[in-house]
Amino acid sequence: MTTPVPVVTPEPEPEPAPEPLKLLTFNVCGGLCQTGFSLNTWTSILLRQIEGADAVFLQEVCGKQFDALRARLAGSYHAEYVVTVRENRSCKRNWGDHRFGIAVFVKGPVIDRAVWALPNPRHDEPRALLCVDAVLTYRPTRLCTTHVDYKGHNREMHVNYIDAVIRGWTGPLIIGGDLNLSPGTAPIRNLYRRFHEIDPMARVTFPEQDLKIDYILLSGHFTHRTASGGGWLPWLSDHRILRGTATRADF
């Protein structure tokens with residue numbers, strides 16, 4: 001009789017330690033800012049700015065700008081775009097295309113996307129919240145961008161509406177965008193109660209009025225948050241680029 005040979009079950013390989021996520025949000029001012037650049041030059045400048053980012057949130061993006069970025073980033077990023085204004089004269093003037101909106105570029109597989117139209121009772125410029133569900137650092141993550149109105153009470157109404165939409169979400173969430181409100185306002189303070197801003201120093205992102213109005217907000221699933229800034233490129237946009245890193249805490 002032969003002696004049975006014990007079967008050794010291999011230990012499962014541990015998941016790799018998470019790398020910090022590199023994040024960037026930027027209001028590119030694609031319509032109002034007349035840069036004088038060709039579309040190819042503008043795209044090359046943006047590519048240098050977003051190089052290495054895992055998720056990119058862009059606002060005030062004209063249709064041709066989005067198309068050019070998506071083409072140059074094909075194979076490396078998944079891109080989603082929401083047209084909020086279909087007849088934007090400034091986009092037509094600068095780039096030959098009337099489309100105007102917001103965009104998310106993300107590395108990693110995309111699972112789903114959703115769009116919410118922001119309230120517009122006075123029929124002002126339409127605004128939206130765009131969210132993409134993607135896999136980053138081996139975990140599903142929801143990535144959202146928005147550009148709320150700058151007029152009167154619309155700003156508070158829009159941010160409060162977004163707050164209500166996301167209030168029941170429990171998974172990892174990152175919001176990058178232009179909220180057109182400073183950190184001391186009530187709607188932003190409400191968001192700060194549940195989210196961490198990538199730059200707690202609240203450094204200026206809109207130099208023309210010496211204000212911070214651009215944000216990268218992270219749910220509690222992320223830690224080791226750092227902001228690296230990016231300087232102001234006044235010949236490109238009236239907003240500063242906001243960059244930062246964060247690490248998943250649920251590994």
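What you see is a predicted model; the values in this text were computed from it and never measured. Residues: numbered from 1 along the sequence shown.
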So do the side chains of [X] and [Y] get within less than 4.5 Å of each other, counting heavy atoms only?
X: Cys33; Y: Leu236; result: no
X: Val28; Y: Leu46; result: yes
X: Cys144; Y: Trp169; result: yes
X: Asp214; Y: Arg240; result: no
X: Leu129; Y: His158; result: no
X: Val61; Y: Tyr81; result: yes
X: Arg113; Y: Val82; result: yes
X: Pro183; Y: Tyr215; result: yes

Side-chain ([X]) to main-chain ([Y]) donor-acceptor, under 3.5 angstrom:
X: Asn160; Y: Glu156; answer: yes
X: Asn94; Y: Gly30; answer: yes
X: Arg72; Y: Asp67; answer: no
X: Tyr150; Y: Leu181; answer: no
X: Thr145; Y: Val104; answer: no

(message) Over 60° means perpendicular and under 30° means parallel, so tell me whether Trp235 and Phe37 are parallel, tilted or perpendicular.
(response)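 Correct class here is perpendicular.
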(request) For the pair Tyr77 and Phe105, name the ring-plane relationship: parallel under 30°, tilted 30 to 60°, perpendicular over 60°. (result)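 Perpendicular, since the angle between the ring planes exceeds 60°.
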According to a 4.5 Å side-chain heavy-atom criterion applied to Ile, Leu, Val, Met, Phe, Trp and Tyr, with indirect links allowed, do [X] and [Y] form part of one hydrophobic cluster?
X: Leu23; Y: Leu191; result: no
X: Leu233; Y: Leu47; result: yes
X: Leu173; Y: Tyr192; result: yes
X: Leu143; Y: Ile216; result: yes
X: Ile166; Y: Val115; result: no

(message) With side-chain contact (heavy atoms from CB on, under 4.5 Å) as the criterion, how do Cys91 and Asp97 come out once you've worked through the C-alpha distance, each side chain's angles and the decisive distance to 0.1 Å?
(response) CA-CA 6 Å; Cys91 285; Asp97 187 320; 5.7 Å; no
[Y] and [X] side chains, donor-acceptor separation under 3.5 Å:
X: Ser237; Y: His239; value: no
X: Asp149; Y: Asn180; value: no
X: Asp178; Y: His147; value: yes
X: Ser38; Y: Thr41; value: yes
X: Thr25; Y: Gln59; value: yes
X: Glu80; Y: His78; value: yes
X: Arg142; Y: Ser219; value: no
X: Thr141; Y: Arg248; value: yes

(request) Could you please spell out the steps behind the salt bridge (charged side-chain N to carboxylate O under 4.0 Å, His left out) verdict for Arg127 and Glu125? (result) CA-CA 6 Å; Arg127 309 281 176 153; Glu125 180 183 313; 3.6 Å; yes
(message) Between Phe222 and Phe195 (judged by ring centroids, cut-off 6.0 Å), do the two rings come close enough to count as a pair?
(response)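 No.
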At their closest point, which heavy atom of [X] faces which heavy atom of [Y], and how far apart are they?
X: Ala128; Y: Thr146; value: O-OG1, 2.8 Å
X: Pro121; Y: Met157; value: CD-CE, 3.7 Å
X: Pro172; Y: Pro140; value: CG-O, 3.6 Å
X: Cys131; Y: Trp116; value: SG-CZ3, 3.7 Å
X: Gln49; Y: Ile241; value: OE1-CD1, 3.4 Å
X: Thr223; Y: Ala249; value: CG2-CB, 4.0 Å

(message) Counting only heavy atoms not in Arg86 (residues, nucleotides, ligands), do more than 12 fall under 6.0 Å from its CZ?
(response) no
(message) Counting only heavy atoms from other residues, nucleotides and ligands, does the tally under 6.0 Å from CZ of Arg194 exceed 12?
(response) yes
(request) Could you give me the CA-CA distance, side-chain angles and deciding distance for Phe26 and Leu242, then say whether side-chain contact (heavy atoms from CB on, under 4.5 Å) is met? (result) CA-CA 6 Å; Phe26 187 30; Leu242 177 59; over 6 Å; no
Any chance you could measure [X], atom [atom1], to [Y], atom [atom2], to the nearest 0.5 Å?
X: Ile175; Y: Phe57; atom1: CD1; atom2: CZ; value: 9.0 Å
X: Arg189; Y: Arg193; atom1: CZ; atom2: CZ; value: 6.5 Å
X: Leu24; Y: Lys22; atom1: CG; atom2: NZ; value: 12.0 Å

(request) Given side-chain contact (heavy atoms from CB on, under 4.5 Å), test Leu179 with Ile213 step by step and report yes or no. (result) CA-CA 6 Å; Leu179 301 183; Ile213 57 176; over 6 Å; no
(request) Answer yes or no for Lys64 and Phe66: cation-pi contact, defined as NZ/CZ to six-membered ring centre under 6.0 Å and angle to ring axis within 45°. (result) no
(request) Have a look at Thr226 and tell me which of Ile198, Asp199, Thr245 forms a side chain to side chain contact (heavy atoms under 4.5 Å, CB included) with it. (result) Thr245
(request) Quick one: do Asp124 and Arg122 satisfy salt bridge (charged side-chain N to carboxylate O under 4.0 Å, His left out)? Show the steps, please. (result) CA-CA 6 Å; Asp124 293 310; Arg122 298 179 182 177; 5.7 Å; no
(request) Could you walk me through whether Thr247 and Arg225 pass the side-chain hydrogen bond (donor to acceptor under 3.5 Å, both in side chains) test, one step at a time? (result) CA-CA 7 Å; Thr247 303; Arg225 299 170 297 273; over 6 Å; no
(request) Starting from the C-alpha separation in whole Å, work towards a yes-or-no answer on side-chain contact (heavy atoms from CB on, under 4.5 Å) for Ile162 and Leu118. (result) CA-CA 8 Å; Ile162 292 167; Leu118 302 189; 3.9 Å; yes
(request) I would like to know whether Glu197 and Lys212 meet salt bridge (charged side-chain N to carboxylate O under 4.0 Å, His left out); could you show each step before the answer? (result) CA-CA 12 Å; Glu197 160 59 19; Lys212 174 181 174 60; 2.9 Å; yes
